[in-house]
K.L.:
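Provided herewith is a single structure, encoded as structure tokens, for subsequent inquiry.
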Protein chains: 2
Amino acid sequence: MHDPDPFVAKVPGIDYGILDSLLGYAVRRAQIRLYEDFIPSLAPWGITPPRFSAMVIVSRNPGLKLTQLARIMGIARSGSVSLVDAIEALGYIQRLPMPGDRRAFGLALTAKGEADLVAISAAVQAHDARMAQALTPEERTVLRGLLTRLSEAQP
Amino acid sequence: MHDPDPFVAKVPGIDYGILDSLLGYAVRRAQIRLYEDFIPSLAPWGITPPRFSAMVIVSRNPGLKLTQLARIMGIARSGSVSLVDAIEALGYIQRLPMPGDRRAFGLALTAKGEADLVAISAAVQAHDARMAQALTPEERTVLRGLLTRLSEAQP
DNA sequence: TATTGTTATACTCTATAACTATA
DNA sequence: TATAGTTATAGAGTATAACAATA
């Protein structure tokens with residue numbers, strides 16, 4: 001037998017109780033659905049969501065240290081090491097010596113990384129547009145704005 | 001040294017490029033922020049987001065089979081086995097024999113599971129309300145609605 | 001044959017803690 | 001002392017594939 005049918009956010013006949021009233025569960029549902037479409041779309045390059053984020057951020061901000069990348073992405077320093085290792089194994093990123101600080105490296109995409117990022121970004125954009133089809137352009141803007149404010153919430 | 005400063009969704013001076021225009025990255029940012037507050041809030045019970053979802057769903061729909069739980073949660077059958085194992089180890093869930101089908105089990109919370117779920121749900125609700133403070137009640141409703149439609153997107 | 005639960009296996013992502021080399 | 005990167009280790013969470021028992 002083979003398992004993974006497409007995700008059904010609300011299975012008919014199932015009582016989701018409190019889950020239906022939580023913002024967090026709504027975010028989780030959307031995340032599951034997005035992930036399900038993202039992975040096969042980017043499989044040709046071996047790119048996952050965190051790898052894509054890291055590539056874009058390094059591409060637009062060359063010279064970042066691993067510590068800075070970790071902070072920007074909200075992960076631990078050790079996480080940025082394995083993340084960069086994985087992208088390096090794909091031939092997309094490199095650690096360059098930092099003049100003036102022999103402890104640190106400046107991150108940069110390789111030529112291949114910059115080149116493939118064009119196609120990868122197009123695939124991500126196509127994926128995002130496919131998912132966003134469910135909403136009008138105005139709704140997409142509203143949704144992004146509300147999510148951004150939620151992600152800046154101070155408890 | 002110790003790593004995990006609070007997540008900053010948009011670090012000043014950093015160019016996020018295409019990420020700022022993607023719905024998927026907005027969802028990801030919100031998810032990181034929510035997770036960061038969820039985990040310590042529920043640590044006293046050893047409850048994580050998927051464990052909470054499973055407990056609520058089983059509580060409201062007793063007698064579900066593991067296969068059904070997997071489908072509802074959008075995970076593989078083998079995932080529902082380890083998920084139920086983990087919740088069982090906390091003393092919160094049980095597999096009951098199903099009359100009429102000796103292959104299957106009907107899932108149900110234990111008495112302790114139902115009792116603790118009350119406090120757990122209160123903690124989750126407090127967490128969710130804390131995060132939702134960033135939005136007006138109307139905005140929360142709009143956000144939940146848009147996310148739900150996104151999670152039902154048909155590519 | 002098909003389904004149910006399970007196990008085996010593997011990979012990603014994440015964390016904490018300790019180490020090293022530099023600053 | 002503090003910082004940058006790294007390693008060791010661990011635990012979730014997820015997946016695929018194969019298996020035994022049962023339908």
Side-chain angles (χ1 to χ4, degrees), chain A residues 1-7 28 31-36 38-40 42-43 46-54 63-71 73-90 93-107, chain B residues 1-7 28 31-36 38-40 42-43 46-54 63-71 73-90 93-107:
Chain A
M1 189 191 178
H2 122 287
D3 278 49
D5 294 314
F7 174 54
R28 185 174 169 75
Q31 175 94 13
I32 293 173
R33 185 70 196 83
L34 290 167
Y35 198 81
E36 179 177 59
F38 188 106
I39 295 301
L42 277 298
I47 288 297
T48 60
R51 290 175 189 178
F52 177 66
S53 305
L64 282 179
K65 294 185 288 186
L66 279 88
T67 301
Q68 295 176 299
L69 180 63
R71 172 152 180 271
M73 296 193 58
I75 60 179
R77 274 178 308 152
S78 64
S80 70
V81 172
S82 49
L83 181 57
V84 167
D85 283 348
I87 305 172
E88 191 178 50
L90 295 171
I93 210 171
Q94 53 192 326
R95 294 164 162 95
L96 301 173
M98 277 199 59
D101 191 341
R102 287 193 301 171
R103 296 170 304 180
F105 297 105
L107 295 170
Chain B
M1 188 192 177
H2 121 287
D3 278 49
D5 294 313
F7 174 55
R28 186 176 169 75
Q31 175 94 10
I32 293 173
R33 184 70 196 83
L34 289 167
Y35 198 81
E36 180 177 58
F38 187 106
I39 295 300
L42 277 300
I47 288 297
T48 59
R51 290 175 189 178
F52 177 67
S53 305
L64 283 179
K65 294 184 288 186
L66 279 89
T67 301
Q68 294 176 301
L69 179 64
R71 174 155 178 270
M73 297 194 57
I75 60 178
R77 274 177 308 153
S78 63
S80 70
V81 172
S82 50
L83 181 57
V84 167
D85 283 348
I87 306 173
E88 192 178 48
L90 296 171
I93 211 171
Q94 53 191 328
R95 294 165 161 96
L96 302 173
M98 279 206 45
D101 189 341
R102 289 192 299 173
R103 294 170 306 181
F105 296 105
L107 295 170

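Labels below follow one simple rule: chain letters A, B, ... track the order of the sequence lines, proteins then strands, and each chain is numbered from 1.
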K.L.:
Between atom CG of B:Leu69 and atom CD1 of B:Ile75, what is the distance when rounded to the nearest 0.5 Å?
P.N.:
6.0 Å
K.L.:
For the CG atom of B:Asp85 and the CG atom of B:Leu90, what is their distance to the nearest 0.5 Å?
P.N.:
11.0 Å
K.L.:
Output the rounded distance in Å from OH (A:Tyr35) to C1' (C:dC13).
P.N.:
8 Å
K.L.:
Round to the nearest Å and state the distance from B:Leu66 atom CG to C:dT7 atom P.
P.N.:
11 Å
K.L.:
Tell me: CD1 of A:Ile39 to P of D:dA15, nearest whole Å?
P.N.:
10 Å
K.L.:
Can you give me the closest heavy-atom contact between A:Arg51 and A:Gly46, atom names plus distance?
P.N.:
NH1-O, 2.9 Å
K.L.:
Rounded to whole Å, please give me the gap between CG in A:Leu107 and P in D:dA4.
P.N.:
13 Å
K.L.:
What distance separates A:Leu107 CG from A:Lys65 NZ, expressed to the nearest 0.5 Å?
P.N.:
11.0 Å
K.L.:
Got a second to check how far B:Thr48's OG1 is from B:Leu42's CG, nearest 0.5 Å?
P.N.:
8.5 Å
K.L.:
Counting side-chain heavy atoms from C-beta on, which of C:dT12, D:dA4, C:dG5 comes nearest to A:Thr67?
P.N.:
D:dA4
K.L.:
For D:dT6, does OP1 or OP2 lie under 4.0 Å from any side-chain N or O of A:Arg95?
P.N.:
yes
K.L.:
For B:Gln68 and C:dT3, give me the distance from atom CD to atom C1', rounded to whole Å.
P.N.:
12 Å
K.L.:
Quick one: B:Leu64 CG to C:dG5 P, roughly how many Å, whole number?
P.N.:
10 Å
K.L.:
Considering non-hydrogen atoms only, spot the tightest contact between B:Phe105 and B:Met98 and give its length.
P.N.:
C-CG, 3.5 Å
K.L.:
How long is the straight-line distance from CZ of B:Phe38 back to CZ of A:Arg28, given to the nearest 0.5 Å?
P.N.:
8.5 Å
K.L.:
If you round to the nearest 0.5 Å, how far is CZ of B:Arg71 from CZ of B:Arg77?
P.N.:
14.0 Å
K.L.:
Side chains of B:Met73 and B:Ser80: does their closest heavy-atom pair fall under 4.5 Å?
P.N.:
no
K.L.:
Do the side-chain N or O atoms of A:Arg51 get closer than 4.0 angstrom to the phosphate oxygens (OP1, OP2) of C:dC13?
P.N.:
yes
K.L.:
Quick check on DNA chain D: between A:Arg28 and A:Ser78, whose nearest nucleotide comes earlier from the 5' end?
P.N.:
A:Ser78
K.L.:
Measure CG/B:Leu90 against P/D:dA12 and give the value in whole Å, please.
P.N.:
9 Å
K.L.:
Regarding A:Ala104, tell me which of base, sugar-phosphate or nothing describes its non-hydrogen contacts under 4.0 Å with the strands shown.
P.N.:
sugar-phosphate
K.L.:
Need the bend value for the helix from C:dT1-D:dA23 to C:dA23-D:dT1: angle between end axes, 5 pairs each end, nearest 10°.
P.N.:
10°
K.L.:
By nearest nucleotide on DNA chain C, pick out whichever of B:Asp85 and B:Lys65 is the more 5' one.
P.N.:
B:Lys65
K.L.:
Looking at B:Gln31, is its backbone amide N or carbonyl O close enough to the side chain of A:Gln31 to form a donor-acceptor pair, meaning the two atoms are under 3.5 Å apart?
P.N.:
no
K.L.:
Is the distance from OP1 or OP2 of C:dT12 to the nearest side-chain N or O of A:Ser82 less than 4.0 Å?
P.N.:
no
K.L.:
Whole angstrom is fine here: how far is it from CE in A:Met98 over to P in D:dG5?
P.N.:
8 Å
K.L.:
What nitrogen or oxygen pairs link the protein and nucleotides 21-23 of chain D at under 3.5 Å?
P.N.:
unit_1: D:dA23; atom_1: OP1; unit_2: B:Arg102; atom_2: N; d: 2.7

